[in-house]
Amino acid sequence: MKQAFVQGFSLLLLTAISAWAADKPLSIHFISGSKEYKSEPSLQDFKKVLEKRYHVSVTASWVKDGAKDLPGIEHIPQADLLLVFARRLKLPEEQMTVIRKHWNEGKPIIGMRTSSHAFQKEDNEIFDRQVMAGNYTGHFGNEPVAVSTAKGAANHPVLKDVGKIESLKMYKAGELGADATLLQNGTIKSKNAIHAVTWSNLYKGGRMFYTSLGVSVDFENEHFRKMIVNAIFWTTKTKEADYLK
């Protein structure tokens with residue numbers, strides 16, 4: 001009798017915890033600071049889309065390239081996911097400590113375009129090469145970029161229902177980290193150049209996602225937006241259906 005009671009109580013407790021978790025909004029924090037690529041207007045619009053369609057709580061730090069202070073940093077410790085689209089920020093040590101704590105705990109991160117060099121040089125060596133498993137080596141000029149699915153990546157959850165994407169700029173990517181999973185390549189036909197543009201990585205047990213795409217025209221593409229939405233739920237190990245409004 002006692003064992004049956006304990007089992008019944010445990011089942012009720014698990015049910016209650018599951019119900020609470022489903023009711024709790026997914027917490028996302030944006031770090032936006034890439035003026036050249038118009039990260040703020042792009043992410044402001046994307047934030048509205050997320051909040052309209054999903055049960056999420058989106059906070060943000062809106063700054064410019066090279067900013068020396070990050071308003072809203074107090075939201076990062078509570079964030080389930082950090083989305084970074086910034087360029088060469090020069091943040092004080094106490095603020096970088098907060099950001100490093102997020103990735104050192106293996107909490108999920110989505111990096112976009114200039115996030116490969118989002119911080120000071122020393123932190124970029126860790127964030128780009130280790131956390132994101134990338135290898136930023138420069139960029140091409142303004143030329144059409146055809147994006148294609150990498151071999152063996154078609155069934156990756158991040159690419160589910162993601163169709164044709166074309167962009168206007170491409171980064172040069174060196175050899176990716178050993179644990180990276182290549183998802184998309186970009187091609188500039190006029191230069192016969194092919195480079196990795198999208199991949200995922202595992203860092204300290206956490207799921208990380210990076211794409212060097214993200215110029216303003218990319219955010220106008222429904223398939224690009226769908227990929228980022230997929231990445232949000234994949235990195236946080238949650239289901240999109242559970243957060244639909």
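Just so it is clear, the model here is predicted, and its values are computed rather than measured.
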Legend entry - Worked verdict on E40 versus K38 for salt bridge (Lys or Arg N to Asp or Glu O under 4.0 Å): CA-CA 6 Å; E40 182 168 340; K38 301 179 181 180; over 6 Å; no
Measure the [atom1]-[atom2] distance between [X] and [Y] for me, rounded to the nearest 0.5 Å.
| X | Y | atom1 | atom2 | result |
| --- | --- | --- | --- | --- |
| N221 | K164 | CG | NZ | 10.0 Å |
| L91 | D123 | CG | CG | 8.5 Å |
| H29 | L83 | NE2 | CG | 10.0 Å |
| T211 | W199 | OG1 | CH2 | 8.0 Å |
| K226 | I228 | NZ | CD1 | 11.5 Å |
| R207 | W234 | CZ | CH2 | 5.5 Å |

Legend entry - Note, W62 side chain near L43 side chain (heavy atom, < 4.5 Å):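 The answer is yes, as the side chains (C-beta and beyond) meet within the 4.5 Å cut-off.
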Inset, instruction - Could you check F233 against Y54 for ring pair (Phe, Tyr, Trp, His ring centres under 6.0 Å), going step by step and ending with a plain yes or no? - result: CA-CA 11 Å; F233 294 106; Y54 303 102; 5.3 Å; yes
Legend entry - Sub-6.0 Å ring centroid separation between W103 and F127: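 Judged by ring-centre distance (under 6.0 Å), W103 and F127 do meet the cut-off.
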Legend entry - Proximity of F30 and F85 rings by center, below 6.0 Å: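 Ring centres of F85 and F30 not closer than 6.0 Å.
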Inset, instruction - From the options I109, V84, I31, N104, select the one residue that forms a side chain to side chain contact (heavy atoms under 4.5 Å, CB included) with I99. - result: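 Only match with I99 under side chain to side chain contact (heavy atoms under 4.5 Å, CB included): I31.
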Answer yes when [X] and [Y] have at least one side-chain N-carboxylate O distance shorter than 4.0 Å, and no when they do not.
| X | Y | answer |
| --- | --- | --- |
| D65 | R87 | yes |
| K245 | E51 | no |
| R53 | E240 | no |
| K204 | E105 | no |

Legend entry - Heavy-atom pair with the smallest gap, counting every atom of L159 and A153: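 Heavy-atom minimum between the residues: CD1-O, 3.5 Å.
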Legend entry - Atom of T114, atom of S34 and distance for their closest heavy-atom approach: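 So the minimum-distance heavy-atom pair works out to OG1-OG, 3.1 Å.
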Inset, instruction - For the residue pair S39 and S32, confirm or rule out a side-chain donor-acceptor distance under 3.5 Å. - result: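 Their side chains do contain a donor-acceptor pair, which is all the 3.5 Å distance test asks for.
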Inset, instruction - Using the ring pair (Phe, Tyr, Trp, His ring centres under 6.0 Å) rule, take H195 and F140 through it: C-alpha gap first, then chi angles, then the decisive distance, then the call. - result: CA-CA 11 Å; H195 285 263; F140 294 93; 5.5 Å; yes
Inset, instruction - May I ask you to decide if the ring planes of Y171 and Y37 are parallel, tilted or perpendicular, using 30° and 60° as cut-offs? - result: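 Ring orientation, 0 to 90° scale: perpendicular.
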Legend entry - Hphob cluster co-occupancy, F119 + I126, side-chain heavy atoms under 4.5 angstrom: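 Linked within one cluster.
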Inset, instruction - Tell me whether L168 is reachable from M227 by hopping between hydrophobic residues (I, L, V, M, F, W, Y) whose side-chain heavy atoms are closer than 4.5 Å. - result: yes
Inset, instruction - Check the pair L89 / L70 against side chain to side chain contact (heavy atoms under 4.5 Å, CB included), numbers first and verdict last. - result: CA-CA 9 Å; L89 304 182; L70 201 65; 4.3 Å; yes
Legend entry - Trace of the side chain to side chain contact (heavy atoms under 4.5 Å, CB included) decision for E93 with R100: CA-CA 10 Å; E93 179 61 23; R100 291 189 204 111; 2.8 Å; yes
